[in-house]
Enquirer: 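Sharing a structure with you now.
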Amino acid sequence: MKLSTLDKFNNIVIQMHDNPDADAVGSGFALYKYFKEKEKNVRLVYGGPMKIRKSNMLLMIEKLDIPVEYVDKLDKPELLITVDCQYGEGNVQRFEAENIAIIDHHNTGRESGEMEEIRSHIVSCATVCFDMLKDEGFDVNSDKNVATALYYGMFMDSNEMSELRHPLERDMLDCLKYDKKLIKKLIHNNFSIQEMETAGIALIRFNYDENKRLSIIHSKPCDPNILGVIGDMVLKVDSIDVSIIYNERPDGYKLSLRSCIPEIGVNDMVAFLTEDIGNGGGHYDKAGGFVSKKKFVEKYGEMSIETYFFNRVDEYYNQFEIIYSKDGIEDKSEFKLYEKLPYRYGFVKSEDITNGDEEVRLRTFEGDISITGSPDTYLMIGWFGGAYPISREDFERKYEVTGNTYEETFEYSPSVFSYKENRSKSIMPFARECIALPGSRVYARRIEKHTKVFGKWDYEKYMYGEIGDYLCISETDEHDIYIVKGDIFEKTYN
Ligand SMILES: [Mn+2]
């Protein structure tokens with residue numbers, strides 16, 4: 001949904017979930033300002049059993065001048081927009097309205113409809129709003145309070161930015177001109193004495209698996225950020241490599257994961273733990289997620305959440321295989337030779353975007369990779385806009401340059417962050433077209449077991465392959481081992 005499709009309404013109420021958090025308030029406030037600018041009659045409200053009490057929230061609302069109203073009834077507005085929540089869910093007081101729109105980032109199983117924008121792969125609703133506002137040409141930095149509110153919303157929903165997932169979130173971080181002093185003040189007003197006690201109790205009541213060097217903690221209800229604080233502390237213990245902490249909320253369970261070993265990337269692990277019943281993601285070493293109670297019961301019925309986490313963690317550990325590119329693969333008996341079909345791809349010469357040997361961060365779905373501009377390094381643009389580095393030598397062996405420019409639109413346009421210019425910029429304007437040469441071949445086999453590959457380019461991180469993806473070895477370089485998504489492989493190889 002484009003935000004401007006709602007411009008036709010005049011009486012608009014933006015509703016946050018009950019007991020709104022920073023993400024709900026930040027998102028709601030930014031939308032409020034958008035509609036105010038369009039001279040709409042707009043209100044920002046929440047209902048539910050209790051008024052906001054948390055000190056950071058009260059401070060945020062006061063200092064940023066956010067016109068939040070606590071209401072117990074509405075007189076059927078022309079348009080009701082629920083933000084950071086979905087109309088009809090248990091954590092949103094139900095009000096009648098002539099039209100209903102939803103802007104959210106929770107995975108409740110509902111798909112975006114005509115007047116709905118639900119992006120469950122995004123860490124915060126503030127990020128969804130940021131993107132929608134940007135699309136409308138609304139400058140979020142024109143009002144420092146709006147920029148600060150959006151920043152704080154994402155900050156709180158991502159465990160202080162440590163659980164960011166999507167390149168868009170990193171763009172938002174780079175773009176916002178927010179009030180640093182106020183953010184600092186909010187950080188230091190976040191926990192109450194009771195919550196400190198909760199953290200203490202959580203640390204005493206831990207579950208520990210000696211073989212996996214893993215701890216699972218069920219904390220009492222508390223601010224989600226406390227989970228991150230506890231997790232960071234738990235990981236400093238000499239006999240623990242992986243920490244899972246979760247707690248219960250009215251609508252589900254909030255999870256926070258930490259890892260300090262390269263073989264376990266908690267971004268994959270949380271995605272596995274929340275598969276079909278919620279959403280999750282983040283980084284290799286820090287990640288977060290959410291399990292919806294409704295979806296959990298639908299899928300697992302009476303099972304307790306403790307049992308579920310223990311079983312599921314076992315499954316995760318039992319089912320993956322690890323491959324180190326530097327060691328190569330000895331047994332190639334199940335691999336078959338495939339030929340790359342002559343598809344069109346985009347590529348960029350790294351020098352074109354870096355002005356010489358400048359260092360930039362290439363922003364990919366898997367995270368940022370540092371690239372130094374060089375005549376010998378190119379960037380390939382794959383399906384869905386995923387970009388990755390390739391040496392010129394490999395490139396010239398596998399592709400032929402057509403001389404055309406390469407124009408495609410993607411959900412997220414591949415981009416680099418330039419340290420020199422202190423901004424991120426799309427690489428698409430520099431993209432040229434090439435065609436895969438016939439004879440570019442790989443050995444590949446279908447993955448039957450979750451596989452982690454420590455690749456050639458960045459040894460600290462692995463690529464994660466799920467069942468149905470393909471494990472590939474370059475025909476000419478046995479240390480060039482990588483994973484290609486199943487659907488992409490089947491389309492582009494023969
Ligand atoms: Mn949120």
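Just so you know, these numbers use all the heavy atoms, side chains as well, and skip hydrogens, waters and symmetry mates. In each ligand, atom 1 is the first atom listed, and ligand 1 is the first ligand listed.
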Enquirer: Under 2.8 Å from the Mn ion (ligand 1), can any N, O or S atom of Asp21 be found?
Expert: no

Enquirer: Anything under 30° is parallel, anything over 60° is perpendicular, the rest tilted; go ahead and classify Tyr316 against Tyr464.
Expert: tilted

Enquirer: Rounded to 10°, how many degrees is the angle OD1/Asp84-the Mn ion (ligand 1)-NE2/His105?
Expert: 80°

Enquirer: Output yes if Asp157 passes the N/O/S-under-2.8 Å test against the Mn ion (ligand 1); output no otherwise.
Expert: yes

Enquirer: Describe, in one word, how the ring planes of Tyr253 and Phe296 are oriented to each other, choosing from parallel (under 30°), tilted (30 to 60°) and perpendicular (over 60°).
Expert: perpendicular

Enquirer: Is the ring pair Tyr151/Phe155 parallel, tilted or perpendicular, if the boundaries are 30 and 60 degrees?
Expert: parallel

Enquirer: Ring-plane angle category for Tyr300 and Tyr308, please: parallel below 30°, perpendicular beyond 60°, tilted otherwise.
Expert: tilted

Enquirer: Find, among atoms of Asp23 that are N, O or S, the one nearest to the Mn ion (ligand 1), and state its name.
Expert: OD2

Enquirer: Is it true that Lys54 and Asn190 share a donor-acceptor pair across their side chains at a distance under 3.5 Å?
Expert: yes

Enquirer: Is His106 close enough that one of its N/O/S atoms sits under 2.8 Å from the Mn ion (ligand 1)?
Expert: no

